[in-house]
Amino acid sequence: MTEPGSKFRKKRLDRGIKARADTIFAVASWREILYLLLPRALPAGFLLLLPLFLDGYWEKVLVYACMFGLLALSWDFLASCGLFSLGQSLFFGLGAYLAGGLNYYLHWPPVVTLPVATIGGGLICSALLSPVMRLRGVYFAMVTLMLPILFMKGIEATGLLGGTHGLSALSPLVHDKVSAYLAVLGFLVCLFAFRRVINSDYGLVLMAIRDDDRAVMSGGINIYWRKSQALFIAGSVGAFAGALMTHHYQFVGKSVFALDYSILPVAAVALGGQGSFAGAALGAMILVPLSEALRALGGLRIAIYCSILILSILTLPEGVFHYMERKYQQFETKVEVR
Amino acid sequence: MAAQGPILEVRRLSKNFGGVRAVHEVSFTLRRGEFLGVIGPNGSGKTTLVNLITGFVKPSSGSVFFKGAEITGKAPYKIAGLGLARTFQMVRLFYNLPAYKNVIIPLCSPRVKRLRGGKYGEKDDAAIDILDDMGFERDSFVPYKPAGSLPHGYLKRLDLARALALRPELLILDELFSGMSMSEVASTLPIIERLNQEGLTIVMIEHRLKELFRVVDRVLVLNFGMKIAEGTPSEVMESDAVKSAYLGIEVDVEAQAG
Ligand SMILES: Nc1ncnc2c1ncn2[C@@H]1O[C@H](COP(=O)(O)OP(=O)(O)O)[C@@H](O)[C@H]1O
Ligand SMILES: [Mg+2]
């Protein structure tokens, strides 16, 4: 911590609100309740009010940000049990085509296609990926990277599900405000549910599988079953995002399997910080609006966007969220080094 | 399931790693409640034998029966779920987690859920109880510290606690005492003896022969992957095969005993 030449170092002190076990809070006063509640309630309240004030283009950006937020949360959830996915677009695309196909061919209304695509997408994801979840690290990532390309090229070549033209004139979600609220609510529910799950014993086992799967097996736990459950959960979240998007745009095409939907969520997690879900959520909420705001710059947009991303990862490798959390939870003082 | 039969039966178990015969045609049986010691020079195949029995390594040939049912080549979690727990020579723990959370993992297994009769919500207490037994005082901060920050002797006992949390019927200890201080061994040994007296069947791989011979009923000696002797500690030490294969141990035992 010592800066060159200076005789001071930073000393960090936890604000002493957490009790011994991290599930028990010793809350003594209103100030402390606010201290715990505000960082959760403020962003959630802000997001819930936002659709009321946004229209047209920026409302679409909000929906888009929530979609990527969901994909980033889904990525972070898989990573918590040691599965690194480079194929979030697989989850997204499966949900999108399930909802689109059911609506287009069978004329099922969105009220039905949304839940069916969410659950069905999760089931297909875990069925497709269960055979490869025994693969470690980069091998699993490679397979997830290939699968959406396979689907995209398959649809292109066979002309199934609308082929290159996609399926259009699908049912809308009553009103744009409804899709905006579904997106925001889905995003917030997923964020808080994941944060709760990961702190439960269920989440503990998932993280233990990431750290040492053999030790978990010697504890009598079927790690493959747990991993397929995680794949189902992550797949469902991604599929929900895809299904919502389909009805929001009333269109689904092969671009739902595009690389953007795989890479941007990972970038969002890298920016926000891994392992807390709040980091993933925050990352998506920064990246998507940023990329839209840079649109005005035309050709240089992607270059600037990438530079910002690289710079932020280099300067804050722990992630923006963990940096903010640390600043909020700890006092920092400078003490003289003797 | 033969309740009266042997709890573990190993039949002509072999494992080759490429050209290395790590374990070769090893057979033995284990009665319920027995305390078996396994000794042998480094590289004689003791850890591989444990890995073969617990499913972490698939055998080249031979079979393993646990409580009368064949478990050869089954997945490790299935074997553990039947009540066969082990510790690791190189401890495998979750170092970022608090010590007691390490013990919660096996408490989440279907086996323990079944045995505890579907009681939920007090896993933390159960974990702390087990750790308290292992010398992690419940009123200190030790059980709540990250496992990675604990001294080596504690890690070994944490691994033991993790194995015990599974409520095993058979416990295999792979060099539990290696790296422990004399006083840590002295405080851990009575725990293991007590577990055996309470009915737990134990297989213990150990280099500290003096401590081992005091507690075991029977010893099995491995050399170059083969069983070269089996019997009570005194029988084994008399055997010529052991004397020639294991030169110097006899002297050690006497020196340590003296
Ligand atoms: N995974 C493995 N791959 C190749 N060789 C192995 C492996 N595990 C053990 N061996 C070899 O098998 C032999 C027995 O090793 P091990 O069972 O660890 O002996 P011990 O526990 O008695 O010291 C050694 O020669 C070792 O090099
Ligand atoms: Mg060994």
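The chains referred to below are lettered A, B, ... by the order of the sequence lines, with proteins before strands, and numbering in each begins at 1.
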| Region of A:Tyr224 that comes under 4.5 Å of a non-hydrogen atom in chain B | side chain
| Which portion of B:Phe88 sits near chain A, non-hydrogen atoms under 4.5 angstrom | side chain
| said: With a 6.0 Å cut-off (strictly less than), is the heavy-atom count around OH of A:Tyr139, excluding the residue itself, greater than 12? | reply: no
| request: Count the heavy atoms belonging to other residues, nucleotides or ligands that lie under 6.0 Å from CZ of A:Arg196, then report whether that count exceeds 12. | output: no
| request: Examine whether an atom of B:Leu97 lies under 4.5 Å from a heavy atom of chain A, and if so say whether it belongs to the side chain, the backbone or both; otherwise answer neither. | output: side chain
| field | Flag side-chain contact, heavy atom, 4.5 Å: A:Trp225 against B:Tyr77 | value | no
| Greatest number of heavy atom pairs closer than 4.5 Å to chain A - which of B:Pro106, B:Pro110, B:Ala165 | B:Pro106
| Part of residues 213-220 of chain A lying next to chain B, heavy-atom separation under 4.5 Å | A:Arg214, A:Ala215, A:Val216, A:Met217, A:Ser218, A:Gly219, A:Gly220
| task | Quick one: pull up SG in B:Cys108 and CG in A:Asp201 and give me the separation to the nearest 0.5 Å. | result | 4.5 Å
| said: Around atom CZ of A:Arg134, are there more than 12 heavy atoms from other residues, nucleotides or ligands closer than 6.0 Å? | reply: no
| note | Separation between CZ (B:Phe94) and CG (A:Asp212), nearest 0.5 Å, reads 5.5 Å
| said: Please determine whether the number of non-hydrogen atoms from other residues, nucleotides or ligands lying under 6.0 Å from atom OH of A:Tyr323 exceeds 12. | reply: no
| Interface moiety of B:Asn102 toward chain A, non-hydrogen atoms closer than 4.5 Å | neither
| Which one, A:Ile223, A:Asn222, A:Leu204, leads in non-hydrogen pairs under 4.5 Å with chain B? | A:Asn222
| field | Winner by heavy-atom pair count (cut-off under 4.5 Å) against chain A, out of B:Arg162, B:Arg86, B:Lys78 | value | B:Arg162
| field | Atom CZ of A:Arg210: over 12 foreign heavy atoms under 6.0 Å | value | yes
